[in-house]
Participant: 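One structure is given below, represented as structure tokens, and several questions about it will come after.
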Amino acid sequence: KSWDPVPAFELWTNTFTGEARFTEKDIDGWLARAVATDIAGLLDPADGRTVYCGLMKDGGQEKPQELKSKDIAILVKRRADADAVIRELAERGIRTRLNSNESVFESTEAVEVLAVLDAMVSPDRLDVVTAARATRLVGHSLADIQEDESGLQVFREFVKDASKRVEKSGVYPVFMGLMRRYGTSERLLPLLKGARMLANYQHILELMQVAQQEQGDLMGITHWLRKAITDGRGTADDDASRLRMESDDNLVNIVTIHASKGLEYPVVYLLDAVRTRVSTRQKRSIFRETDGHGKKRYLLTDAPMQVNRHF
């Protein structure tokens with residue numbers, strides 16, 4: 001059987017000419033489409049061939065290992081930098097998961113859990129209850145909030161009862177009951193980042209359950225979560241609050257550069273390298289120079305570059 005090796009390193013450049021002006025959003029879109037298209041081509045080649053990424057032992061024999069989504073990583077500087085490529089991959093039916101050193105308290109889900117806690121503390125305040133109903137945890141639409149008076153009363157009674165059960169049963173089972181009642185998992189799982197949202201909710205609730213042993217009552221746990229969000233508790237050094245990866249094993253990995261130290265993947269994409277900071281130290285592998293026409297360019301030294309791909 002014949003094999004066609006692929007390059008160990010590729011540098012992608014553009015072929016734009018003329019006086020056209022492009023925004024960063026344009027460039028981000030092109031990069032995302034280029035990476036997503038390339039990944040889709042690796043996982044399901046149009047010519048019907050199979051891409052392999054190494055050898056694996058099977059019954060004492062070494063057999064080629066077919067490339068899977070979990071073998072691919074996309075490196076980004078910040079979690080938000082991956083939004084465009086996540087959308088492009090989703091449009092191609094490819095799911096992703098996040099590996100980041102960011103804290104779960106920095107997530108939107110933490111703010112939403114706090115909104116529901118505030119409603120439990122102050123169920124008679126219309127603005128507070130409305131904010132809780134608008135969260136993805138509860139999922140009431142604008143029309144529901146504006147027109148469904150009975151829905152308001154039902155939710156208000158629910159959070160009143162929940163506030164009593166928090167101290168008796170704990171915050172975790174109370175919130176899990178809320179999520180079952182309002183179909184949180186069923187609503188969010190089909191969404192682009194639904195699995196990420198649910199993983200964050202689960203993570204926050206587990207941390208709250210532990211914190212409740214010290215904080216005690218509903219007011220205490222609400223104050224604790226508000227302070228954790230405000231202070232950014234656990235942003236880098238607290239392993240307990242660091243964002244967890246989704247449980248599905250066969251997903252394309254979105255990895256922040258800081259969290260990637262020590263990790264290895266058969267296929268790695270460095271997203272947005274065009275805006276990567278250039279080192280000014282003497283020992284460096286990327287140099288910037290200006291050519292004879294006044295245009296700046298980057299030079300890579302000691303890099304085993306085999307392909308200069310245009311997109």
Participant: Rounded to the nearest 0.5 Å, what separation is found between the CG atom of Leu251 and the NZ atom of Lys70?
Facilitator: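 Rounded to the nearest 0.5 Å, the CG-NZ separation comes out at 10.5 Å.
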
Participant: To the nearest 0.5 Å, what is the distance between CG on Leu225 and CG on Leu114?
Facilitator: 5.0 Å

Participant: Any side-chain heavy atom of Tyr201 within less than 4.5 Å of one from Leu188?
Facilitator: yes

Participant: Return the CE to CG distance between Met197 and Leu137, rounded to the nearest 0.5 Å.
Facilitator: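 So the CE of Met197 and the CG of Leu137 are separated by 11.0 Å.
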
Participant: Assess whether atom CD of Gln153 is packed by more than 12 heavy atoms of other residues, nucleotides or ligands within 6.0 Å.
Facilitator: yes

Participant: For residues Thr130 and Asp127, is any side-chain donor paired with an opposing acceptor at under 3.5 Å?
Facilitator: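 Asp127 and Thr130 do not have a side-chain donor-acceptor pair below 3.5 Å.
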
Participant: To the nearest 0.5 Å, what is the distance between CE on Met120 and NZ on Lys164?
Facilitator: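 One gets 13.0 Å once the value is rounded to the nearest 0.5 Å.
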
Participant: Please give me the minimum heavy-atom distance between Ala119 and Phe155, naming the atom from each residue.
Facilitator: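 Minimum heavy-atom separation between Ala119 and Phe155: CB-CE2, 4.4 Å.
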
Participant: Decide whether Phe158 and Leu117 are clustered together by the hydrophobic rule: side chain heavy atoms of Ile, Leu, Val, Met, Phe, Trp, Tyr closer than 4.5 Å, transitively.
Facilitator: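 Yes, it is one cluster - the side chains of Phe158 and Leu117 are joined through contacts under 4.5 Å.
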
Participant: Measuring only between side-chain heavy atoms, which start at C-beta, is Asp161 closer than 4.5 Å to Glu157?
Facilitator: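 No, their side chains stay 4.5 Å or more apart.
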
Participant: When you look at Tyr52 and Glu66, which way does the side chain to side chain contact (heavy atoms under 4.5 Å, CB included) test go after all the steps?
Facilitator: CA-CA 4 Å; Tyr52 298 96; Glu66 185 176 343; 4.3 Å; yes

Participant: Transitively linked via ILVMFWY side-chain contacts under 4.5 Å: Val116 with Met176?
Facilitator: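 Cluster IDs for Val116 and Met176 match.
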
Participant: State whether a side-chain donor-acceptor pair under 3.5 Å links Glu206 with Gln202.
Facilitator: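 Side chains of Glu206 and Gln202: pair found under 3.5 Å.
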
Participant: Is the number of heavy atoms from other residues, nucleotides or ligands under 6.0 Å of Lys160 NZ greater than 12?
Facilitator: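 It does: Lys160 NZ has more than 12 such atoms within range.
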
Participant: Of all heavy-atom pairs between Asp38 and Tyr269, which one has the smallest distance, and what is that distance?
Facilitator: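 Closest approach of Asp38 to Tyr269, heavy atoms only: OD2-OH, 2.7 Å.
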
Participant: Tell me every residue that passes side-chain hydrogen bond (donor to acceptor under 3.5 Å, both in side chains) with Asp81, counting only those two or more places apart in sequence or in another chain.
Facilitator: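 Asp81 satisfies side-chain hydrogen bond (donor to acceptor under 3.5 Å, both in side chains) with Arg78 once adjacent residues are dropped.
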
Participant: For the backbone of Ala115 and the side chain of Asp118, can you confirm whether one donor and one acceptor N or O come within less than 3.5 Å of each other?
Facilitator: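 No; judged by distance alone, with no hydrogens or angles, the pair does not exist.
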
Participant: Rounded at 0.5 Å granularity, tell me how far CD in Gln146 sits from CG in Leu152.
Facilitator: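 Result: 13.0 Å between the selected atoms.
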
Participant: Are the side chain of Asp148 and the backbone of Ala143 linked by a donor-acceptor contact shorter than 3.5 Å?
Facilitator: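 Not a single qualifying donor-acceptor pair exists.
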
Participant: Between Phe105 and Asp231, is there a side-chain heavy-atom distance shorter than 4.5 Å?
Facilitator: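 Counting from C-beta outward, Asp231 and Phe105 never come under 4.5 Å.
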
Participant: Ignoring hydrogens, what is the shortest heavy-atom contact between Cys53 and Asp71? Give both atom names and the distance.
Facilitator: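 In this case the closest contact between Cys53 and Asp71 is SG-OD2, 3.6 Å.
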
Participant: Using the rule side-chain contact (heavy atoms from CB on, under 4.5 Å), only one of Val85, Ile72, Val252 pairs with Val35; which is it?
Facilitator: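 Among Val85, Ile72, Val252, the one that satisfies the side-chain contact (heavy atoms from CB on, under 4.5 Å) with Val35 is Val85.
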
Participant: Report the C-alpha distance between Val267 and Val51 in whole Å, list the side-chain angles of each, state the deciding distance to 0.1 Å, and finish with yes or no for side chain to side chain contact (heavy atoms under 4.5 Å, CB included).
Facilitator: CA-CA 11 Å; Val267 179; Val51 178; over 6 Å; no

Participant: Hydrophobic clustering (ILVMFWY, side-chain heavy atoms < 4.5 Å, transitive) - are Leu126 and Ile145 grouped together?
Facilitator: no

Participant: For the residue pair Ser185 and Pro190, what are the closest heavy atoms and their distance?
Facilitator: O-CD, 4.4 Å

Participant: Measure the spacing between CG of Leu43 and OG1 of Thr50 and express it to the nearest 0.5 Å.
Facilitator: 11.5 Å

Participant: Does the pair Val121 and Val128 meet the rule for a side chain to side chain contact (heavy atoms under 4.5 Å, CB included), with working shown?
Facilitator: CA-CA 9 Å; Val121 172; Val128 173; over 6 Å; no

Participant: For the pair Arg156 (side chain) and Pro123 (backbone), establish whether a donor and an acceptor sit closer than 3.5 Å, ignoring hydrogens and angles.
Facilitator: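 Present.
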
Participant: Under a 4.5 Å side-chain heavy-atom rule over Ile, Leu, Val, Met, Phe, Trp and Tyr, are Leu67 and Ile94 clustered together?
Facilitator: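 Result: yes, single cluster for both.
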
Participant: Check step by step if side chain to side chain contact (heavy atoms under 4.5 Å, CB included) holds for Val174 and Leu178.
Facilitator: CA-CA 6 Å; Val174 168; Leu178 178 145; 5.9 Å; no

Participant: Please name the pair of heavy atoms, one in Arg133 and one in Gly151, separated by the smallest distance, quoted to 0.1 Å.
Facilitator: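 That would be NH2-C, 3.9 Å.
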
Participant: Taking all non-hydrogen atoms of both residues into account, name the closest pair between Val268 and Tyr265 and its distance.
Facilitator: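 Taking Val268 first and Tyr265 second, the nearest heavy atoms are CG2-O, 3.7 Å.
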
Participant: For Thr37 and Arg92, does a side-chain donor sit closer than 3.5 Å to a side-chain acceptor?
Facilitator: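 Checked: Thr37/Arg92 side chains pair up, N/O donor to acceptor below 3.5 Å.
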
Participant: List the atom pairs, with distances to 0.1 Å, where a side-chain N or O of residues 208-223 and a protein N or O form a donor-acceptor pair under 3.5 Å, not counting sequence neighbours.
Facilitator:
from, atom 1, to, atom 2, distance (Å)
Gln209, OE1, Val171, N, 3.3
Gln209, OE1, Tyr172, N, 2.9
Gln212, OE1, Val171, N, 2.9
Gln212, NE2, Val166, O, 3.1
Gln212, NE2, Gly216, O, 3.4
Asp217, OD1, Gly220, N, 2.8
Thr222, OG1, Leu218, O, 2.8

Participant: Between Arg136 (side chain only) and Arg187 (backbone N and O only), is there a donor and an acceptor less than 3.5 Å apart?
Facilitator: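 Not at all, since once roles are kept as given, no pair shorter than 3.5 Å links the two residues.
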
